[in-house]
Amino acid sequence: MPNRRARTRRKNNVIIDTISNKNFIIISSIMIVIIIGCIATMKYLNVKEAKRIAEEKERINSQIEEIYSSTIAEIDSLKDYKTNSIIRLSAVGDILCGNNLKQYGRDYNNIFTDISHHFRDSDFVIGTYETVITDDTKDFADAVKNSGIDFVSLAHNHALDMGMDGLNRTQEYLEKISIKTVGKAEETPAQRVKIIEVKGTKIAILGYTYDNHKTGVNIYKEDLVKQDLEYAETNSAISIVMMHWGNVNTNEVSSEQQNQAKFMIANGADIIIGAHPSAVQKMEIIQNSNFKDCFVAYSLGDYTSDFTIENANLELILNLQIFVDKEGKAQIYKVDYTPVYMNDMGIENKENRYKILDMKKEIANYGTEGSTIDKKTYEKLVRGVDRLNSIIVKK
């Protein structure tokens with residue numbers, strides 16, 4: 001009897017083992033099929049994503065080229081015009097050093113490493129210095145100078161945040177590091193208007209801010225502006241007005257900006273470079289009474305900022321070529337832009353949290369070994385180009 005029971009147990013064990021082996025094979029086969037399916041699906045999705053990114057890059061590149069050429073099309077072709085010289089002017093928007101930038105961006109030179117090469121061929125570069133200099137921000141000013149900035153306006157709504165002492169200290173330090181300034185309130189047009197000479201051509205630069213009920217900087221008033229433009233026209237070949245105006249955090253140009261632009265052009269302004277909205281606004285060509293093309297950039301956005309609003313991180317480097325004829329008369333010859341983006345890489349990057357990115361380069365490099373951005377940043381840049389396209393390119 002015991003032997004029979006043992007044989008029965010062995011027989012049952014064989015059956016169980018056989019069933020277990022079959023189940024194992026079946027389960028293993030199913031798992032293999034699932035794994036193969038997952039791999040195939042992932043490959044398909046990767047190929048699909050790569051195709052989508054390639055198509056997106058092509059679309060974005062086309063949009064960027066359209067942005068570059070949109071204003072150029074408004075200017076008459078001057079290729080056959082024989083000139084004595086071409087002057088290349090570059091311009092940026094507001095230069096700010098906020099609390100986050102002070103705390104997490106101490107290696108300030110790193111902010112500009114990707115974009116400073118755009119100024120190498122420029123004869124001079126201008127912007128609005130919207131930061132009162134203290135001992136804590138002198139190295140920020142040094143980095144701004146190292147990035148290529150030559151000339152700034154001090155006429156803005158934060159110029160007197162630390163009183164006249166702060167404004168004077170800011171002007172003195174900027175002049176010390178060879179950044180020329182304009183915009184501080186003075187008694188006469190000869191003091192208010194800064195005349196610089198570039199390649200033998202005199203260029204007048206003027207700076208004003210909207211009425212912020214403070215004294216110490218040039219407040220936009222028609223009689224003051226008219227006097228200054230008359231002086232500029234008499235003493236220079238071309239006049240550039242740096243305006244701090246408009247509504248904050250909007251891409252829309254106000255009627256006041258448009259009316260002021262028309263007034264300045266009617267009274268001799270050739271180029272108007274706007275700042276203050278912390279957002280890019282449209283650009284346009286306006287002809288004066290002598291049918292001369294005058295250029296208005298209502299806002300270039302912020303050159304540096306630590307704002308968390310994505311729209312405020314989107315900005316432009318403006319490049320203008322000015323031709324000077326044999327009689328010394330100056331005229332706009334060519335306009336183009338470089339879209340850039342102030343990228344916040346997070347508080348874990350304590351020394352190098354912020355960096356200005358060349359949008360065209362970073363989008364083109366995304367997905368390659370040369371890429372330095374993640375998918376989230378890539379998508380921000382794509383949205384940024386789409387927004388720029390809607391602002392600048394005329395439909």
If you take all heavy atoms of [X] and [Y], which pair is closest and at what distance?
X: N157; Y: K214; value: O-NZ, 3.5 Å
X: T201; Y: S85; value: OG1-OG, 4.4 Å
X: L206; Y: A232; value: CD1-CB, 4.3 Å
X: T128; Y: A275; value: OG1-CB, 3.9 Å
X: T250; Y: N247; value: CG2-O, 3.2 Å
X: A204; Y: V193; value: CB-CG1, 3.9 Å

_Centroid separation under 6.0 Å, is that true for the rings of F124 and F151?_
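No, ring centres 6.0 Å or more apart.
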*Is the distance between the ring centroids of W245 and Y298 less than 6.0 Å?*
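They qualify: ring centres under 6.0 Å apart.
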List the atom pairs, donor and acceptor, that lie under 3.5 Å between side-chain atoms in residues 262-271 and the rest of the protein, sequence neighbours left out.
| residue | atom | partner | partner atom | Å |
| --- | --- | --- | --- | --- |
| N267 | ND2 | F263 | O | 2.8 |
| D270 | OD1 | K292 | NZ | 2.9 |
| D270 | OD2 | S239 | N | 2.9 |

Could you tell me whether a side-chain N or O of [X] sits under 3.5 Å from a main-chain N or O of [Y], the two making a donor and an acceptor?
X: S147; Y: F112; result: no
X: H156; Y: A159; result: yes
X: R192; Y: E186; result: yes
X: Q191; Y: T188; result: yes
X: Q257; Y: S254; result: yes
X: K202; Y: I196; result: no
X: N251; Y: Q281; result: no
X: S371; Y: T368; result: no
X: S299; Y: A279; result: yes
X: T131; Y: I133; result: no

Going only through I, L, V, M, F, W and Y residues with side-chain contacts under 4.5 Å, is there a path from [X] to [Y]?
X: Y173; Y: I179; value: yes
X: M164; Y: I219; value: yes
X: M243; Y: Y231; value: yes
X: L101; Y: Y303; value: yes
X: V198; Y: L318; value: yes

*Quick one: list whatever passes ring pair (Phe, Tyr, Trp, His ring centres under 6.0 Å) with H276, sequence neighbours left out.*
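Listed in chain order: Y210, H244.
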*Got a sec, which residues hit ring pair (Phe, Tyr, Trp, His ring centres under 6.0 Å) with Y341, two or more places apart in sequence or on another chain?*
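Result, ring pair (Phe, Tyr, Trp, His ring centres under 6.0 Å) vs Y341: none returned.
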_Any carboxylate oxygen within less than 4.0 angstrom of a Lys/Arg side-chain nitrogen, looking at D344 and R353?_
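Here D344 pairs with R353 in a salt bridge, since their nearest N and O are under 4.0 Å apart.
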*Below 4.0 angstrom, N of the basic side chain to O of the carboxylate: do K199 and D123 qualify?*
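Yes.
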Is the shortest side-chain heavy-atom distance between [X] and [Y] below 4.5 Å?
X: L357; Y: V340; answer: no
X: Y337; Y: I317; answer: no
X: I203; Y: S236; answer: no
X: I272; Y: F295; answer: no
X: I373; Y: L381; answer: yes
X: F323; Y: I87; answer: no
X: V382; Y: V385; answer: no
X: L224; Y: E222; answer: no

*Pick one: which of K380, M342, M359 meets side chain to side chain contact (heavy atoms under 4.5 Å, CB included) with L314?*
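Running side chain to side chain contact (heavy atoms under 4.5 Å, CB included) over K380, M342, M359 with L314 returns exactly one hit, M359.
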*Result of checking N343, I115, D114 against I356 for side chain to side chain contact (heavy atoms under 4.5 Å, CB included)*: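 Going through N343, I115, D114 one by one, the side chain to side chain contact (heavy atoms under 4.5 Å, CB included) with I356 is satisfied by I115 alone.
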*Check step by step if side-chain hydrogen bond (donor to acceptor under 3.5 Å, both in side chains) holds for S278 and D302.*
CA-CA 5 Å; S278 294; D302 291 333; 3.0 Å; yes
Separation of [Y] [atom2] from [X] [atom1] (nearest 0.5 Å):
X: K221; Y: D228; atom1: NZ; atom2: CG; answer: 12.5 Å
X: F119; Y: H117; atom1: CZ; atom2: NE2; answer: 9.5 Å
X: Y108; Y: C97; atom1: OH; atom2: SG; answer: 4.0 Å

*With side-chain hydrogen bond (donor to acceptor under 3.5 Å, both in side chains) as the test, would you mind laying out the steps for D358 and H118 before giving the verdict?*
CA-CA 10 Å; D358 182 327; H118 288 294; 2.8 Å; yes
*asked:* Using the rule given for side-chain contact (heavy atoms from CB on, under 4.5 Å), can you reason through I273 versus I126, listing the C-alpha separation, both sets of side-chain angles and the distance that settles it, and then say yes or no?
replied: CA-CA 9 Å; I273 307 295; I126 63 176; 4.2 Å; yes
*Residues forming a side chain to side chain contact (heavy atoms under 4.5 Å, CB included) with N110, sequence neighbours excluded*: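 Only D107, T113, N352, K355 meet the side chain to side chain contact (heavy atoms under 4.5 Å, CB included) criterion with N110.
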Around atom [atom1] of [X], are there more than 12 heavy atoms from other residues, nucleotides or ligands closer than 6.0 Å?
X: E256; atom1: CD; value: no
X: N99; atom1: CG; value: no
X: E197; atom1: CD; value: yes
X: K145; atom1: NZ; value: yes

*Determine, stepwise, if the pair T181 / E175 fulfils side-chain hydrogen bond (donor to acceptor under 3.5 Å, both in side chains).*
CA-CA 7 Å; T181 66; E175 298 279 356; 2.9 Å; yes
*Sort and list the pairs that fulfil salt bridge (charged side-chain N to carboxylate O under 4.0 Å, His left out) and have at least one residue in residues 233-247, not counting sequence neighbours.*
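Sorted pair list comes back empty.
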*salt bridge (Lys or Arg N to Asp or Glu O under 4.0 Å) between K102 and D306, intermediate numbers included*: CA-CA 9 Å; K102 293 175 189 175; D306 54 13; over 6 Å; no
*Mind checking who shares a hydrophobic cluster with V132, ILVMFWY linked at side-chain heavy-atom distances under 4.5 Å?*
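M162, which link up through side-chain heavy atoms under 4.5 Å apart, make up the rest of the cluster.
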